[in-house]
Every structure is written in structure tokens, then in C-alpha cells.
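From a predicted model like this one, the values you see are computed outputs, not experimental measurements.
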Amino acid sequence: MLLFPCHRLTEDQIVIQIDDAIDFNTEDVAHGHLCGEISRSAARTVIIDVQTPLVTATAVSVLLRTRRFAQSRGAVLCVVARRSLARRVFRATGVCRYLRVAATLPGAVRLARGCRPLSEPPTRQGDGALT
């Protein structure tokens with residue numbers, strides 16, 4: 001079972017650490033835990049601190065789903081990718097268009113200030129076509 005440490009920076013900002021790889025077997029637990037922390041905190045700014053160098057396609061998917069959940073709660077989600085390999089994965093997959101990604105925690109806090117929602121990533125229909 002994954003457990004992501006969570007702490008408050010301010011009354012309105014939380015940081016959730018991901019220090020373990022998220023894969024197909026842990027996807028639902030990871031997403032549930034992240035969404036649970038967001039719900040419990042009622043924070044308006046959520047910073048996901050990705051400390052693992054291994055960012056899988058499943059992890060990217062979980063972060064995008066979590067971003068949608070945070071937005072539905074009126075929160076802004078930013079990602080800290082401390083390791084260059086993790087940042088390269090976010091750039092290579094194109095999710096930087098949908099996730100605010102910074103290299104440091106202070107950078108993520110700056111990104112979150114006064115943010116408007118980013119555009120929505122395409123979703124797949126039942127036949128696999130992107131919409």
C-alpha cells in the first residue's frame with residue numbers, strides 16, 4: 001500500500017510527496033490517496049512533490065486525473081519534479097501543457113499564485129479515439 005506524506009505549507013497550501021513509483025498495480029490506491037488528501041485538506045493550492053526519478057505513464061495518468069479532481073474542488077494543482085529525468089518525462093509526454101511543473105518547491109508555489117486553469121487534456125472515448 002502506498003502512503004504519501006502530506007503537510008501544510010500555509011492554511012491554504014498542502015504538499016503531498018510521491019517518493020515511490022506508481023504503476024498499474026498501485027494506480028487506484030495512489031489516485032484514491034491523493035484525492036483523499038485533497039478532500040480532507042480543503043486547500044486551494046495542492047503541490048505534488050514527485051521525488052522519485054521513475055515517472056511511469058501510469059503516474060502521469062494519475063497526476064492528470066488528480067488535477068481534474070483538484071479543479072473540481074476549486075483547487076490549483078502544481079507538480080514539483082526535482083529530478084531532471086522526471087522533468088524530461090513530463091516534457092516528452094506533453095503533460096506540461098496541462099500540469100504546472102517546477103523543479104523546486106518555491107518554484108511550484110510561485111507557479112500556483114494567481115493561476116487560471118490550464119486547458120484540459122484530450123480524453124479517450126470508448127472506441128479509443130481522442131476527443
Side-chain angles (χ1 to χ4, degrees):
M1 183 169 95
L2 294 175
L3 180 62
F4 303 131
C6 179
H7 66 275
R8 284 195 180 274
L9 287 179
T10 67
E11 182 178 320
D12 213 27
Q13 297 175 328
I14 63 168
V15 177
I16 306 170
Q17 284 179 224
I18 296 178
D19 51 12
D20 214 355
I22 298 172
D23 61 21
F24 179 75
N25 294 320
T26 58
E27 176 178 14
D28 292 335
V29 172
H31 184 253
H33 181 77
L34 292 169
C35 292
E37 289 293 347
I38 292 167
S39 292
R40 281 188 293 281
S41 73
R44 306 254 324 147
T45 301
V46 177
I47 299 171
I48 307 290
D49 189 354
V50 179
Q51 297 188 0
T52 178
L54 179 60
V55 177
T56 63
T58 302
V60 170
S61 174
V62 166
L63 289 172
L64 288 170
R65 288 172 44 211
T66 302
R67 176 189 159 275
R68 282 192 289 272
F69 178 81
Q71 280 186 322
S72 75
R73 311 284 281 185
V76 171
L77 186 136
C78 293
V79 174
V80 176
R82 297 172 187 268
R83 302 192 184 229
S84 62
L85 180 58
R87 288 191 301 277
R88 277 186 277 181
V89 169
F90 290 126
R91 280 192 303 272
T93 58
V95 296
C96 287
R97 290 176 286 180
Y98 312 110
L99 292 174
R100 293 173 175 89
V101 179
T104 64
L105 184 56
V109 170
R110 280 192 301 277
L111 276 176
R113 285 190 190 130
C115 287
R116 291 179 297 151
L118 295 171
S119 61
E120 283 297 314
T123 56
R124 295 202 181 272
Q125 294 178 333
D127 62 1
L130 289 175
T131 60

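Remark: Arg91 pairs with no residue by the salt bridge (Lys or Arg N to Asp or Glu O under 4.0 Å) rule, at least two apart or across chains. Qualifying side chain to side chain contact (heavy atoms under 4.5 Å, CB included) partners for Ala81, counting only residues two or more places apart in sequence or in other chains: Ala86, Arg87, Phe90, Val101.
Under the 4.5 Å side-chain criterion, counting only non-hydrogen atoms from C-beta, Ser41 is not in contact with Glu37. Taking the side chain as every heavy atom from C-beta outward, Val55 and Thr93 never approach each other to under 4.5 Å. When side chains are defined from C-beta on, Val46 does not count as touching Phe69, because their heavy atoms never get closer than 4.5 Å. Residues Val95 and Leu63 are not in side-chain contact: their nearest non-hydrogen atoms beyond the backbone lie 4.5 Å or more apart.
Note that CZ of Arg67 is 12.5 Å distant from CD1 of Ile48, once rounded to the nearest 0.5 Å. One finds the CD1 atom of Ile47 at 8.5 Å from the CG atom of Asp49 (value rounded to the nearest 0.5 Å). Atom-to-atom distance recorded for Arg82:CZ and Thr104:OG1 is 7.5 Å, nearest 0.5 angstrom. Interatomic distance, Asp20 CG to Leu54 CG, rounded to the nearest 0.5 Å: 9.5 Å. Interatomic distance, OG1 of Thr66 versus NE2 of His33, reported as 10.5 Å (0.5 Å rounding). Residue Arg73 holds its CZ atom at 9.0 Å from SG of Cys35, rounded to the nearest 0.5 Å.
In the hydrophobic clustering of this structure, Val109 does not group with Val79; members are Ile, Leu, Val, Met, Phe, Trp, Tyr whose side-chain heavy atoms approach within less than 4.5 Å, directly or through other members. Under a hydrophobic-cluster definition in which Ile, Leu, Val, Met, Phe, Trp and Tyr are linked whenever side-chain heavy atoms come within less than 4.5 Å, directly or via other members, Val60 and Phe4 are assigned to the same cluster. Taking hydrophobic clusters as Ile, Leu, Val, Met, Phe, Trp and Tyr residues chained together by side-chain heavy-atom distances below 4.5 Å, Val15 does not share a cluster with Val50.
The one candidate from Arg8, His7, Arg44, Arg40 that meets the side chain to side chain contact (heavy atoms under 4.5 Å, CB included) condition with Ile14 is Arg8. Of the listed residues (Val80, Val76, Leu77), just one forms a side chain to side chain contact (heavy atoms under 4.5 Å, CB included) with Arg100, and that residue is Val76.
With hydrogens and angles ignored, the 3.5 Å screen pairs no side-chain donor or acceptor of Asp28 with any backbone N or O of His31. Using modelled atom types, one side-chain atom of Arg83 and one backbone atom of Gln51 make a donor-acceptor pair closer than 3.5 Å. Looking at Thr58, its side chain never comes within 3.5 Å of a backbone N or O of Ile22 through a donor-acceptor pair.
Between Ala108 and Cys78, the shortest heavy-atom contact is O-SG, 3.8 Å. Closest heavy-atom contact between Ala75 and Ala43: CB-O, 3.5 Å.
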